[in-house]
Amino acid sequence: MYYLLWIIFGITAISIAVFDKENSAVSRFWAAYFIVLLAIHIVFLLTRSKRYVVLKGRLDGKIVFYENRIAINGESIYLDEIEGLDFVFNDYKDKPIEVDYSKESDLLYDIKAKRLQGVDNCVEIILTSGKKVVCLFQRHYPNEKYFMADIFRAYYRQGKIGAGLAMELLGLENEGELKAV
């Protein structure tokens, strides 16, 4: 509805400017006014679509997953030191925020950030000593976890992730497909 109103204003402004026989100063003023407002609105729409949610902190460090170890900031944790792993993949960089316009609180997102940073992803490492290591990490692509399929298969074969999590991470439908892994 909001955009329809802008389209009507734009068409009105252009029609006044083009088809007004008197070509009075008032009609030219209103035509110019609506055209400028429409141009500003279009620029605003184009620029806000790439705004990101502000990070609460900073990206620091590096986590790399290997088939036999996990390196966190250069320190390696080998799989024989790990009792279990749990992965949570929630978002990725440039993921659009889904705004529910029926909620008043979500209306603020319409003029604020439109994209996520991709930092709401987590790996929980449970060591054999009982210590838990929790790392948040950034994902750049929505299907990035599928590039790690060989690593997840290795973790499953060595018993570091359960069957349900392995099926979810590998995108499998039933346990029969998992046994072929």
Side-chain angles (χ1 to χ4, degrees), residues 2-3 44-181:
Y2 179 69
Y3 297 108
F44 178 72
L45 285 175
L46 294 175
T47 59
R48 79 171 177 180
S49 67
K50 278 300 198 179
R51 290 186 187 164
Y52 291 102
V53 172
V54 177
L55 285 176
K56 295 175 182 153
R58 61 188 175 104
L59 296 175
D60 191 26
K62 186 175 183 180
I63 184 167
V64 182
F65 299 98
Y66 298 98
E67 289 187 16
N68 63 345
R69 64 188 166 102
I70 298 173
I72 303 171
N73 294 331
E75 295 182 27
S76 292
I77 302 174
Y78 289 91
L79 286 187
D80 57 351
E81 302 172 32
I82 297 173
E83 186 175 313
L85 293 167
D86 190 21
F87 290 89
V88 177
F89 292 96
N90 286 326
D91 69 352
Y92 55 89
K93 190 169 176 81
D94 281 341
K95 180 180 180 182
I97 293 175
E98 295 177 14
V99 178
D100 183 4
Y101 291 105
S102 65
K103 296 180 182 175
E104 189 174 322
S105 61
D106 281 356
L107 289 176
L108 292 176
Y109 281 111
D110 194 43
I111 59 172
K112 291 186 177 181
K114 290 294 196 179
R115 306 264 178 202
L116 295 173
Q117 292 276 8
V119 295
D120 191 19
N121 304 294
C122 177
V123 60
E124 183 178 285
I125 305 167
I126 303 164
L127 301 175
T128 54
S129 65
K131 181 181 172 187
K132 284 186 181 180
V133 178
V134 178
C135 292
L136 296 174
F137 59 93
Q138 184 179 34
R139 253 187 346 152
H140 292 278
Y141 309 104
N143 57 356
E144 196 167 3
K145 68 181 180 182
Y146 299 117
F147 296 130
M148 299 172 56
D150 292 335
I151 294 168
F152 293 141
R153 283 186 192 99
Y155 293 167
Y156 173 70
R157 280 189 225 113
Q158 294 183 31
K160 305 305 176 186
I161 59 175
L165 181 59
M167 288 174 50
E168 178 187 335
L169 294 173
L170 296 171
L172 303 176
E173 297 289 325
N174 57 47
E175 286 195 40
E177 296 175 1
L178 186 61
K179 292 181 184 187
V181 171

- Task: Could you tell me which residues satisfy salt bridge (Lys or Arg N to Asp or Glu O under 4.0 Å) with Glu144, sequence neighbours excluded, listed by chain and number?
- Result: none

- Message: Give me the atom names and distance for the closest heavy-atom approach of Gln158 to Leu79.
- Response: OE1-CD1, 3.1 Å

- Audit row: Ile82, Thr128, side chain to side chain contact (heavy atoms under 4.5 Å, CB included) steps and yes/no: CA-CA 6 Å; Ile82 297 173; Thr128 54; over 6 Å; no

- Item | Distance (rounded to the nearest 0.5 Å) between Lys160 NZ and Ile70 CD1 | 10.0 Å

- Task: Could you tell me the separation between the CG atom of Asp80 and the CZ atom of Arg69, rounded to the nearest 0.5 Å?
- Result: 12.5 Å

- Query: Using the benzene-type ring in the case of Trp, are the ring centres of Tyr141 and Phe147 under 6.0 Å apart?
  - Reply: no

- Task: Grab the two heavy atoms, one from Tyr155 and one from Glu67, that are nearest each other, plus how far apart they are.
- Result: CE2-O, 3.9 Å

- Message: Quick check: do Leu85 and Ile126 have side-chain heavy atoms less than 4.5 Å from each other?
- Response: no

- Message: So, taking the atom named CG in Asp91 and the one named CZ in Arg139, what distance separates them when rounded to the nearest 0.5 Å?
- Response: 7.0 Å

- Can the ring centroids of Phe137 and Phe89 be said to lie less than 6.0 angstrom from one another? yes

- Note on the structure: Looking only at heavy atoms, the pair that brings Tyr156 and Ala163 closest together is CE1-CA, 3.8 Å

- Item | Spacing of CG belonging to Leu165 relative to CZ belonging to Phe152, to within rounding of 0.5 Å | 8.0 Å

- Of all heavy-atom pairs linking Ile125 and Ile72, the shortest is CD1-CD1, 3.9 Å

- Task: Please check if the side chain of Asn90 supplies one atom and the backbone of Asp120 the other of a donor-acceptor pair under 3.5 Å.
- Result: yes

- Query: At their closest point, which heavy atom of Leu170 faces which heavy atom of Ala149, and how far apart are they?
  - Reply: CD2-O, 3.5 Å

- Message: Which heavy atom of Val119 sits nearest to which heavy atom of Leu136, and what is that distance?
- Response: O-CB, 4.2 Å

- Message: To the nearest 0.5 Å, what is the distance between CD1 on Ile77 and CG on Asn68?
- Response: 12.5 Å

- Applying salt bridge (Lys or Arg N to Asp or Glu O under 4.0 Å) to Lys132 and not counting sequence neighbours gives Glu124

